[in-house]
Each structure stands twice: as C-alpha cells, then as structure tokens.
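What follows is a set of notes on a single structure, which appears directly below.
This structure is a prediction, so every number in the text was calculated from the model and none was measured. Protein chains get the first letters and strands the later ones, always in sequence-line order, with residue 1 at the start of each.
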There are 2 protein chains.
Amino acid sequence: MRKNENFSKAILDLDRMVHEPARLAILTVLASAEEVAFLFLQRITGMSKGNLSTHTQKLEAAGYLDTVKAFQGRIPVTSFRITEDGRLALKAYHKQLRALLPEEGKR
Amino acid sequence: MRKNENFSKAILDLDRMVHEPARLAILTVLASAEEVAFLFLQRITGMSKGNLSTHTQKLEAAGYLDTVKAFQGRIPVTSFRITEDGRLALKAYHKQLRALLPEEGKR
DNA sequence: CAAAACAAGTTTGTATTGCAAACTTGTTTT
DNA sequence: AAAACAAGTTTGCAATACAAACTTGTTTTG
C-alpha cells in the first residue's frame, strides 16, 4: 500500500499555478507548438478573452511563458511561447499526477 | 497527435469538486478505508481543522461523503465514509487525468 | 469623408473560494 | 472550582477565476 500520509500531503503540494484547469490547458497547448496566437488559443480552449488574458498574464509573471507582441500587416497579434521553466513545471506536474493515479493493474 | 481542441476543452471540464487538492486528498484517503476519523484525517493530511471541516462539509453537500457522528466514551468523534457517488466521481476524475497525461512512451 | 461596425486584447467589478484564527461546547485535570 | 484541553464549527479575510465593459486602432459602409 502507498504510504497514505506522504501521499496525501503530496497532493496538497501540487503546483497550483499549473493545477488550475485554465492554465493547464494553456500550458498544454503551448507545449505542443513553437508559438501560439492569442485568438487561436481562445478558440481552441473556448475561454473568454478576458479570462485568457488574465491567465496568460499570470503564467508570464510566473515565468512559464513569454508573450510576443507583433503586427500582422497593421493589426496587432499577440502570441505566446512556453518557456523552459514552463516546460519543466508542466513535466513536474505530470510526474506528480502519475504518482497520484492508481496504477494500471489496480484500476 | 491528440486533437488539441477537444483535449484542452476536456481539461476545462475537470470536476472541480474533486480537482481541488484538499478535497482530492480527502477523497483519496477515504477511498482506501471503510471509515476515517476527523482527527486521523487531519493528521494524515496536515490540514488545519477549520480547513478540513469546510472541505468535508462541501464534499458532503456534493453527496461525495457521509459524516458519521458518534461518541467514543463521552467524547464526540466525527468520521467520514466515501459514498458510492464519491467513489464514482473519483474514478471519473482519474479517468480524465489519464486521458490528459502524455502516454508512457512519450514522456 | 464621417460614422458605424469590427478586431484584438486589457481592465475592472463581482461572486466564489480556500484557509486559519477565533469561537463553542463539552470533558478532564489540577 | 478553575484552568487547561479536546473536537469540531463558524467567521473574517485575502486571493482567485471569470466575464462584462472598456480601450485603441482598423475596416467597412452610407
């Protein structure tokens, strides 16, 4: 049996910056591409612009993504790239989750 | 490649009653025993009494656990049992997480 | 050409929530 | 009898997620 104490305390140590579903979705998409545009991210996740904007700002403040502001012709386009720290945080989070999930055989 | 759209929207559909780490820890412990006493749960998770109390109340309101109030001698002892709904919710949550985690080979 | 509609994000306001300090009710110790 | 302890609960507060409303600029239309 898994040691319940360490185990449940580990759950409480999950990185909340990543654990929040909106941000987890953002990071997951960013992890699968070089660079992702704001509007693409919005459509793919179905989030509102406001919500997406605040979450990407938080992820940037945490150092998990970089914001790239550019112009496509004359209209502004904001894009994002996951940082190395972001990738590491996501990987670490995945590891925490795996430790938490019952093993294959025991489902 | 996984379809990014369905995928990231699925993340946003995670059951938040279970997703919250404090409650996930509680449910996980409850799932591994018949009945668990308040103080045991508190020690094993390291949560404060107040926090534990409010989260168990939420889980009860959601129908995910039952609260059992009894006496040990003359002192009151509160215990909890996961309900069938709670077990199902936890299982469904695990399933959602598995779908979300990169596969073994791709780590 | 002026006005209205549209685009791309950001800021602000609100309602919810997680958390621990303080409280309550009762028991045991001094 | 008073003080200390136990087991939870309630209350107050700070942080957060979210969308509506706003801002700045561009394109379309009358």
Side-chain angles (χ1 to χ4, degrees), chain A residues 8-30 35-62 64-81 89 93, chain B residues 8-30 35-62 64-81:
Chain A
S8 50
K9 283 187 178 158
I11 295 179
L12 295 168
D13 278 339
L14 283 167
D15 180 351
R16 288 176 109 103
M17 182 58 65
V18 179
H19 190 62
E20 163 62 32
R23 290 190 295 263
L24 179 56
I26 293 169
L27 286 179
T28 301
V29 174
L30 291 192
E35 189 169 317
V36 178
F38 184 99
L39 288 181
F40 177 81
L41 202 47
Q42 194 205 338
R43 275 194 301 277
I44 211 176
T45 60
M47 294 171 67
S48 70
K49 291 178 176 192
N51 198 18
L52 182 54
S53 178
T54 52
H55 281 301
T56 52
Q57 283 178 42
K58 277 188 189 182
L59 285 167
E60 179 170 40
Y64 289 179
L65 63 76
D66 285 333
T67 302
V68 181
K69 299 226 168 229
F71 284 86
Q72 200 107 283
R74 4 192 55 196
I75 74 170
V77 176
T78 300
S79 300
F80 307 101
R81 290 167 172 271
Y93 179 76
Chain B
S8 49
K9 282 186 179 158
I11 295 179
L12 294 168
D13 278 340
L14 284 167
D15 180 352
R16 288 176 109 101
M17 182 58 66
V18 179
H19 191 62
E20 164 60 31
R23 291 190 294 264
L24 179 56
I26 292 170
L27 286 179
T28 301
V29 174
L30 290 192
E35 188 170 317
V36 178
F38 185 100
L39 289 181
F40 177 81
L41 202 48
Q42 195 206 337
R43 273 194 302 276
I44 211 174
T45 60
M47 295 171 67
S48 70
K49 290 178 176 192
N51 197 19
L52 182 55
S53 178
T54 51
H55 282 300
T56 53
Q57 283 177 43
K58 277 189 189 181
L59 286 167
E60 179 170 41
Y64 289 179
L65 64 75
D66 286 332
T67 302
V68 181
K69 297 229 168 227
F71 284 87
Q72 199 107 284
R74 6 192 51 195
I75 75 171
V77 176
T78 301
S79 300
F80 308 100
R81 288 167 172 273

Specify the angle, to 10°, made by the local axes at the two ends of the helix from C:dC1-D:dG30 to C:dT30-D:dA1 when five pairs are taken at each end.
-> 30°
Sequence neighbours excluded, the answer for side-chain contact (heavy atoms from CB on, under 4.5 Å) partners of B:D66 is B:T83
Hey, can you pull the donor-acceptor pairs under 3.5 Å for the side chains in residues 67-76 of chain B, sequence neighbours left out?
unit_1	atom_1	unit_2	atom_2	d
B:T67	OG1	B:E60	OE1	3.3
B:T67	OG1	B:E60	OE2	3.3
B:K69	NZ	B:T78	OG1	3.3

Answer yes or no: does a side-chain N or O of B:R23 lie under 4.0 Å from OP1 or OP2 of C:dT17?
-> no
To the nearest Å, how far apart are A:M17 CE and D:dT16 C1'?
-> 11 Å
Results of side chain to side chain donor-acceptor pair (under 3.5 Å) for A:T54 - residues two or more places apart only = none
Does A:R16 make a side-chain N or O approach to OP1 or OP2 of D:dA17 shorter than 4.0 Å?
-> no
ring-ring contact (aromatic ring centres under 6.0 Å, His included) involving B:F38 - partner list, sequence neighbours excluded = none
Quick one: B:L14 CG to D:dA17 P, roughly how many Å, whole number?
-> 14 Å
Please tell me which of A:R74 and A:M47 maps to the more 5' nucleotide of DNA chain D, matching each residue to the nucleotide holding its nearest heavy atom.
-> A:M47
Note: for A:E20 and A:F71 on DNA chain D, the residue whose nearest nucleotide lies more 5' is A:E20
Residues in side-chain contact (heavy atoms from CB on, under 4.5 Å) with A:L39, at least two apart?
-> A:Q42, A:R43, A:K49
Rounded to whole Å, the CD-P distance (A:Q72 to D:dG25) equals 19 Å
Figure out the CG/P separation between B:L52 and C:dA21, and round it to whole Å.
-> 15 Å
Going 5' to 3' through nucleotides 6-11 of chain D and flagging B where a protein heavy-atom sits under 4.0 Å of the base, S where only the sugar-phosphate is that close, and - otherwise, we get -BBBB-
Which heavy-atom pair separates B:L65 from B:F80 by the least distance, and what is that distance?
-> CD1-CD2, 3.7 Å
When every non-hydrogen atom of B:L12 is compared with those of A:M47, the smallest separation belongs to CD1-CG, 3.9 Å
Those residues at least two apart in sequence (or on a different chain) that pass salt bridge (charged side-chain N to carboxylate O under 4.0 Å, His left out) with B:R16 are A:E20
Among all residues two or more places apart in sequence or in another chain, which pass the side chain to side chain donor-acceptor pair (under 3.5 Å) test with B:T56?
-> none
